[in-house]
Participant: 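Here it is: the structure, laid out below.
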Amino acid sequence: MSSFLIPPTYGDFDKSIRNLFDGYGYGVAKLKTDLPVRSSNGHIQIKSSVSSKSDIRKLQGNLEMVATKNGYKLTEKVDGDGLLHLSATAEDKPVKGLKATLEHVYNPETHHKSTALRTAFKRPHLHATGDMESDFLGKVLRSSVAFCYPCGGMIGGELMYESTLQRVTNVSVGAAFCANDFTASIAWQGLVDFLFSVHHKVSPRLQVGAQFTSSPHRSNTNMVLGSRYQLDDSSYMKAKFSTQGTLGLAYTHRLTQAGPAVNCTVSALVDTRRLDQPNHKIGFAVELS
């Protein structure tokens, strides 16, 4: 961990456990294609993507063009809702470690506009972010900061201010420890709810993790256990179980070894507390990228 100089953002302290639990969605049918095309000089890329998920019953699509050169990036995108997105990004300019992005979204149907300025600053042992979003409803300010130590320890926090309410609406603080094959994090979200996560890479093939959430004011607690096992170079299995009785199982196989990746996933979500009820789900997902 001594070589780990720049920490992740505060929101990514528990990224390893989220990657273990998240995925295509247990028991969700999904179709996704993501096909990029790059110019011969590598400065311009056009990406088209289409996805459909059974849980939201909506076909989503994006057409995006990205131009990059000398630390600057310009992005234009049209999404499936007809919204027009335009963003400009400068990285390591004018200060090394600084990244700033200006985003603008326009809805041709309602003529509503929104603008956002997102910044991040990374230096050894420090990672800070600051965002300002503005639309017809008002302004929202978000900021976060994370510090890391050579021993692998990290501390950080974030806050959010909403101009319409004229007050700070969220404050969270947390800490984490990260080693080569082990990550643990704890967060006090909104200064109300507690979230504790542990992720361990047991071997190159096996990962396990656990996440515990507690809401004292609602007398609500939940624990989720998860694992991922790499069967071979092209397939793996994932499973998770919560104390609320939900069991998720998934198997993913990559059909191609060269060229565009084609991944197929079969999954199931079972309510173990109500086995005699029709609450269970089976899903099949295909992703082309």
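All figures in this text were calculated on a predicted structure; none of them were measured in a lab. This chain uses plain numbering: 1 for the first residue, then up along the sequence.
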Participant: With a 4.0 Å cut-off, would you call Asp12 and Arg18 a salt bridge?
Facilitator: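 Yes, Asp12 and Arg18 are salt-bridged.
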Participant: Quick check: does any side chain N or O of Ser163 sit under 3.5 Å from a backbone N or O of Gln166, one acting as donor and the other as acceptor?
Facilitator: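 Checking the backbone N and O of Gln166 against the side chain of Ser163, no donor-acceptor pair under 3.5 Å is found.
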Participant: Starting from the C-alpha separation in whole Å, work towards a yes-or-no answer on side chain to side chain donor-acceptor pair (under 3.5 Å) for Thr9 and Ser144.
Facilitator: CA-CA 7 Å; Thr9 62; Ser144 73; 5.9 Å; no
Participant: Keeping Thr243 on the side-chain end and Met223 on the backbone end, is there a donor-acceptor pair under 3.5 Å?
Facilitator: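 Checked: pair present.
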Participant: Mind checking whether Leu231 and Met237 have side chains closer than 4.5 Å, heavy atoms only?
Facilitator: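 They are in contact (side-chain heavy atoms under 4.5 Å apart), so the answer is yes.
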Participant: Is the shortest side-chain heavy-atom distance between Phe212 and Thr221 below 4.5 Å?
Facilitator: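 Phe212 reaches Thr221 side chain to side chain.
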Participant: Does a sphere of radius 6.0 Å around CG in Asp232 hold more than 12 heavy atoms from other residues, nucleotides or ligands, not counting ones at 6.0 Å or beyond?
Facilitator: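 Count over threshold, so yes.
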Participant: Within the structure provided, determine whether His280 and Asp271 are in side-chain contact (heavy-atom separation under 4.5 Å).
Facilitator: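 Yes - at least one pair of side-chain heavy atoms lies under 4.5 Å apart.
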Participant: Quick check: does any side chain N or O of Thr272 sit under 3.5 Å from a backbone N or O of Gly245, one acting as donor and the other as acceptor?
Facilitator: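 Such a contact is found between Thr272 side chain and Gly245 backbone.
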Participant: Which atoms form the tightest heavy-atom contact between Ser87 and Thr101, and what is the distance?
Facilitator: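 Nearest pair, atom of Ser87 first, then Thr101: CB-CG2, 4.2 Å.
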Participant: How about His125 and Phe147: are their ring centroids closer than 6.0 Å?
Facilitator: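 Distance test on ring centres: not under 6.0 Å, no.
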Participant: How long is the span from the CD atom in Glu76 to the CE atom in Met65, to the nearest 0.5 Å?
Facilitator: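 The distance works out to 4.0 Å.
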Participant: Decide whether Gln207 and His199 meet the rule of one side-chain donor and one side-chain acceptor closer than 3.5 Å.
Facilitator: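 On atom types as modelled, these side chains qualify, holding a pair under 3.5 Å.
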Participant: Within the side chain of Asp79, is there an N or O that forms a donor-acceptor pair under 3.5 Å with the backbone of Asp81?
Facilitator: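 Yes; at least one donor-acceptor contact below 3.5 Å.
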Participant: Linking I/L/V/M/F/W/Y whenever any side-chain heavy atoms sit under 4.5 Å apart, do Met132 and Val168 land together?
Facilitator: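 Yes, Met132 connects to Val168 through the hydrophobic network.
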Participant: Here's a test for you: under side chain to side chain donor-acceptor pair (under 3.5 Å), which of His111, Lys113, His112 qualifies with Tyr106?
Facilitator: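 In the set His111, Lys113, His112, the residue that makes a side chain to side chain donor-acceptor pair (under 3.5 Å) with Tyr106 is His111.
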Participant: Side-chain heavy atoms under 4.5 angstrom apart, residues restricted to Ile, Leu, Val, Met, Phe, Trp, Tyr: same cluster for Val173 and Tyr161?
Facilitator: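 Yes, Val173 and Tyr161 fall within the same hydrophobic cluster.
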Participant: Carefully, step by step, assess Ser235 and Tyr251 under the rule side chain to side chain contact (heavy atoms under 4.5 Å, CB included).
Facilitator: CA-CA 7 Å; Ser235 58; Tyr251 170 78; 3.6 Å; yes
Participant: Looking at Gln277, I'd like to know if its CD atom is crowded, meaning that more than 12 non-hydrogen atoms belonging to other residues, nucleotides or ligands lie closer than 6.0 Å.
Facilitator: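 For Gln277, atom CD is crowded (more than 12 foreign heavy atoms under 6.0 Å).
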Participant: Run the numbers on Val208 and Leu225 for side chain to side chain contact (heavy atoms under 4.5 Å, CB included), then give the verdict.
Facilitator: CA-CA 8 Å; Val208 297; Leu225 306 175; over 6 Å; no
Participant: Taking Ile6's backbone N and O only, do any of them form a donor-acceptor pair with Lys122's side chain (distance below 3.5 Å, no angle check)?
Facilitator: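 Side chain of Lys122 to backbone of Ile6, a donor-acceptor pair under 3.5 Å: no, none is there.
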Participant: Run the side chain to side chain contact (heavy atoms under 4.5 Å, CB included) test on Thr183 and Phe13 for me, step by step, so that the C-alpha distance in whole Å, both residues' side-chain angles and the decisive distance to 0.1 Å come before the verdict.
Facilitator: CA-CA 9 Å; Thr183 302; Phe13 276 9; over 6 Å; no
Participant: Show your working on side chain to side chain contact (heavy atoms under 4.5 Å, CB included) between Thr252 and Val266 and close with a plain yes or no.
Facilitator: CA-CA 7 Å; Thr252 299; Val266 180; over 6 Å; no
Participant: Considering only heavy atoms from C-beta outward, does the side chain of Val145 approach that of Leu126 to under 4.5 Å?
Facilitator: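 SC-SC contact between Val145 and Leu126 confirmed.
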Participant: Any donor and acceptor pair, going by atom type alone, linking the side chain of Thr119 with main-chain N or O of Gly130 inside 3.5 Å?
Facilitator: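 Pair found, side chain donor or acceptor close to backbone of Gly130.
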Participant: Tell me the closest heavy-atom pair linking Lys93 and Asn70, and the distance in Å.
Facilitator: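 Closest approach of Lys93 to Asn70, heavy atoms only: CE-O, 2.8 Å.
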Participant: Could you tell me the separation between the CG atom of Leu137 and the OG atom of Ser114, rounded to the nearest 0.5 Å?
Facilitator: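 Reported to 0.5 Å precision, the distance equals 10.0 Å.
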Participant: Answer yes or no: is there a side-chain heavy-atom contact under 4.5 Å between Thr75 and Glu64?
Facilitator: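 Result yes, sub-4.5 Å side-chain heavy-atom pair found.
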Participant: What is the distance from atom OG of Ser185 to atom CZ of Phe177, rounded to the nearest 0.5 Å?
Facilitator: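 Taking OG in Ser185 and CZ in Phe177, the distance rounds to 12.5 Å.
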Participant: For residues Leu117 and Asp131, determine if any side-chain heavy atom of one lies less than 4.5 Å from a side-chain heavy atom of the other.
Facilitator: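 Result no, sub-4.5 Å side-chain heavy-atom pair not found.
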Participant: Check salt bridge (Lys or Arg N to Asp or Glu O under 4.0 Å) between Glu162 and all other residues, then give those that pass, not counting sequence neighbours.
Facilitator: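 In terms of salt bridge (Lys or Arg N to Asp or Glu O under 4.0 Å), with neighbours along the sequence ignored, Glu162 is linked to no residue.
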Participant: Let me check something: do Leu102 and Val105 share a hydrophobic cluster, defined by ILVMFWY side-chain heavy atoms less than 4.5 Å apart, either directly or through other members?
Facilitator: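 No, it is not one cluster - the side chains of Leu102 and Val105 are not joined through contacts under 4.5 Å.
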Participant: Contact between Val270 and Leu275 at the side-chain level, heavy atoms closer than 4.5 Å - yes or no?
Facilitator: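 Val270 reaches Leu275 side chain to side chain.
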Participant: Indicate yes or no for a side-chain donor-acceptor contact from Asn62 to the backbone of Ser49 under 3.5 Å, with no hydrogens or angles considered.
Facilitator: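 The answer is no, because no donor-acceptor pair under 3.5 Å joins these two groups.
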Participant: Between Asp14 and Gln211, which heavy-atom pair has the shortest distance, and what is it?
Facilitator: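 Asp14 and Gln211 have their closest heavy atoms at OD2-NE2, 4.0 Å.
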Participant: Specify the closest pair of heavy atoms between Pro8 and His127, including all atoms of both residues, with the distance to one decimal.
Facilitator: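 Answer, listing the atom of Pro8 first, then His127: C-ND1, 3.6 Å.
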Participant: What distance separates Ser172 OG from Tyr10 OH, expressed to the nearest 0.5 Å?
Facilitator: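 That separation rounds to 5.0 Å.
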Participant: Say whether Leu165 and Leu191 are linked into one hydrophobic cluster, either directly or through other cluster members, by side-chain heavy-atom distances under 4.5 angstrom.
Facilitator: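 In one cluster with Leu165: Leu191, no.
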Participant: Report the C-alpha distance between His43 and Thr68 in whole Å, list the side-chain angles of each, state the deciding distance to 0.1 Å, and finish with yes or no for side chain to side chain donor-acceptor pair (under 3.5 Å).
Facilitator: CA-CA 5 Å; His43 295 321; Thr68 58; 4.8 Å; no
Participant: Minimum heavy-atom separation for Leu20 to Gly226, with atom names?
Facilitator: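 It is CD2-O, 3.8 Å.
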Participant: What's the spacing between Tyr229 OH and Arg205 CZ if we round to 0.5 Å?
Facilitator: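 Separation between the atoms: 5.5 Å.
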Participant: How close do Arg228 and Tyr236 get, counting heavy atoms only, and between which atoms?
Facilitator: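 Looks like NH2-CD2, 3.5 Å.
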Participant: Using only atom types and a distance under 3.5 Å, with no angle test, would you say the side chain of Arg254 pairs donor to acceptor with the backbone of Thr256?
Facilitator: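 Answer holds: yes.
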Participant: With rounding to the nearest 0.5 Å, note down the distance linking CH2 in Trp188 to CD1 in Ile186.
Facilitator: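 These two atoms lie 11.0 Å from each other.
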Participant: Counting heavy atoms not belonging to Arg274, are there more than 12 under 6.0 Å from its CZ?
Facilitator: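 Open.
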Participant: Decide yes or no for Ile17 and Phe21: does some side-chain heavy atom of the first lie under 4.5 Å from some side-chain heavy atom of the second?
Facilitator: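 They are in contact (side-chain heavy atoms under 4.5 Å apart), so the answer is yes.
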Participant: Check this for me: does any side-chain nitrogen of one of Arg118 and Glu103 sit under 4.0 Å from a carboxylate oxygen of the other?
Facilitator: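 Looking at Arg118 and Glu103, the cut-off is met.
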Participant: Is it true that a side-chain atom of Ser39 and a backbone atom of Ile44 form a donor plus acceptor pair closer than 3.5 Å?
Facilitator: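 Yes, Ser39 side chain to Ile44 backbone: donor-acceptor pair under 3.5 Å.
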